[in-house]
Amino acid sequence: YVVKTAPDAVETVLAGIRRIHRNQGVGVLVVDDSRTARAYLVELLSRWGYRCYQAGGGEDALKAVEQAQSRIRLVLCDQNMPGMDGETLIRRLRQHYPPQRLGIIGVSSHGSGILSARLLKAGANDFLTRPFLEEELSVRVNLNVDLLELLREAESNARCDPLTGLSNRRYLDELAEQLAETGRRTLQPLAAVVVDLDHFKAINDRVGHFGGDALLQAAADLLRRTVRRADVLVRAGGEEFYVVTLGLDSAGAAALGERIRSGIELLEVGHGGEDLAVTASVGVASLDGGSVEAVLEAADRAMYAAKEAGRNRVVS
Ligand code: GH3
Ligand code: MG
Ligand code: MG
Ligand code: MG
C-alpha cells in the first residue's frame, strides 16, 4: 500500500513536517491527576511540535493558564480528578477565557454521551473519550488550534484597514468604553485629534487614484511614527484619521496635532516620476470625564473650523 502510493506517502510525510513546524511554540496545557496519562499526552503533543505545560489538578491548571495566558492556546482536561473535576475546571476557566481565546478539549475514561454533553455545556470546545487513537487526538488538537487561529485572523482582519495597515473605526468603537472608563478612573483627560487631508478629491483627480493611495499610506506611516504606542490611531474613513489618547490637556493635544500637521506637510511621496505632497486640516479637543464620542465630536467641529479658516492648520 505504502509502496504503491509512494508519491502520496512522501506528500503525507511532508505535510506532517509542515504541521510540526506550524505547531512550534503553540502552548497546550495537559491537565490530568494521573502522571502516566499526562506523560503519554505530553509525549505525543511534543512529538507533534506543541509546547506542553502540565497540571496535576484544577487549581494548578488555573494558575498555569493565568501565568502563561498568551502562550497556552488549548487545554486538554481530564474529567475524573480528585478535588476539582474537569467539568468544574472548565466552568471556572470559561469565567475568564472565552472559547475563541482558549480552546478546551474535555477528556474522560468513561465514555458516556451524558458526560460529553455536560463538558461541552460547561464550555469545552470538543471532547475525547479514552481510549482514543493517536490519530484522533492529533486531528482534534490540530483542528481546534486551527479554528482558534482562524477566529483570531478574522477578528484582526475585521478591525484592520488593508490599504494603510492601521486599525479601523470598528476597533476604536470596541475600545471606546474602556478608554473613557480608564480616563475617569485615573483622572486623565480624554483627547482626540481628527485629521482630514485637504482637497484630496482634487489630488486624486490630478494624480490618479493610485497616487492618492500612496499619499494615504505615507500619511498613515507618519501618524504611526508620531503617536505613542498606547494611543489609539485609526483610519476613520476615506482620507480621515483619528487619534484618541489619554492624559493630554488642550495644549498637549494641540501640540500633538501640530506635530501631525507639520509632518504631513513635509511628506514627499514619489509617484509616476513626480513628488506628491498633501496638507491636512486638524481639529483637537480634550475633555475631562467625557466619552470618546463627545471628544471626537468636539475635535471634528474643530477640524471643520480649520477647513473654514483656510486648511493646513490646527484648531482646538
Ligand atoms: P476637503 O479639503 O474639504 O476635505 O476636500 P476633500 O476633497 O479632501 O474632501 P471630500 O470629502 O470631498 O473628498 C474626499 C476624497 O477622498 C474623495 C475620495 O475620492 C478620496 N478617497 C477616499 N478614500 C480613498 C482611498 O482609499 N484612496 C484614494 N486614492 N482616495 C480616497
Ligand atoms: Mg483522572
Ligand atoms: Mg478631505
Ligand atoms: Mg473627509
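Note that ligands are numbered from 1 as they come in the structure, with each ligand's atoms numbered from 1 the same way.
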Taking the Mg ion (ligand 4) as the centre, how many protein N/O/S atoms fall inside a distance shorter than 2.8 Å?
-> 2
Mark yes when over 12 heavy atoms from residues, nucleotides or ligands other than R184 sit less than 6.0 Å from its CZ; otherwise mark no.
-> yes
Do NZ/NE/NH1/NH2 and the carboxylate oxygens of D32 and R38 come within less than 4.0 Å?
-> no
Quick check for students: name every N or O atom pair between ligand 1 and the protein closer than 3.5 Å, with distances.
{"residue": "ligand 1", "atom": "2 (O)", "partner": "H199", "partner atom": "N", "Å": "2.7"}
{"residue": "ligand 1", "atom": "2 (O)", "partner": "K307", "partner atom": "NZ", "Å": "3.0"}
{"residue": "ligand 1", "atom": "2 (O)", "partner": "R311", "partner atom": "NE", "Å": "2.8"}
{"residue": "ligand 1", "atom": "3 (O)", "partner": "R311", "partner atom": "NH2", "Å": "3.0"}
{"residue": "ligand 1", "atom": "4 (O)", "partner": "D196", "partner atom": "OD1", "Å": "2.9"}
{"residue": "ligand 1", "atom": "4 (O)", "partner": "L197", "partner atom": "O", "Å": "3.4"}
{"residue": "ligand 1", "atom": "4 (O)", "partner": "K307", "partner atom": "NZ", "Å": "2.8"}
{"residue": "ligand 1", "atom": "7 (O)", "partner": "F200", "partner atom": "N", "Å": "3.1"}
{"residue": "ligand 1", "atom": "7 (O)", "partner": "K201", "partner atom": "N", "Å": "2.9"}
{"residue": "ligand 1", "atom": "8 (O)", "partner": "L197", "partner atom": "O", "Å": "3.1"}
{"residue": "ligand 1", "atom": "8 (O)", "partner": "F200", "partner atom": "N", "Å": "2.8"}
{"residue": "ligand 1", "atom": "8 (O)", "partner": "E239", "partner atom": "OE1", "Å": "3.0"}
{"residue": "ligand 1", "atom": "19 (O)", "partner": "N204", "partner atom": "ND2", "Å": "3.3"}
{"residue": "ligand 1", "atom": "26 (O)", "partner": "R235", "partner atom": "NH2", "Å": "2.8"}
{"residue": "ligand 1", "atom": "27 (N)", "partner": "D213", "partner atom": "OD1", "Å": "2.6"}
{"residue": "ligand 1", "atom": "29 (N)", "partner": "N204", "partner atom": "OD1", "Å": "3.0"}
{"residue": "ligand 1", "atom": "29 (N)", "partner": "H209", "partner atom": "O", "Å": "3.0"}
{"residue": "ligand 1", "atom": "29 (N)", "partner": "D213", "partner atom": "N", "Å": "3.4"}
{"residue": "ligand 1", "atom": "29 (N)", "partner": "D213", "partner atom": "OD1", "Å": "2.9"}
{"residue": "ligand 1", "atom": "30 (N)", "partner": "N204", "partner atom": "ND2", "Å": "2.8"}

Charged N to carboxylate O below 4.0 Å: is that the case for R206 and E274?
-> yes
Charged N to carboxylate O below 4.0 Å: is that the case for R261 and E258?
-> yes
Should we say atom CD of E155 is surrounded by more than 12 heavy atoms from elsewhere, each under 6.0 Å from it?
-> yes
Pairing of R19 and D146 as salt bridge, 4.0 angstrom limit | yes
Is a salt bridge present between R170 and D173, judged by a nitrogen-to-oxygen distance below 4.0 Å?
-> no
Residues D221 and R225 bridged, charged N to O under 4.0 Å = no
Less than 4.0 Å between a side-chain N and a carboxylate O, is that true for R73 and E149?
-> yes
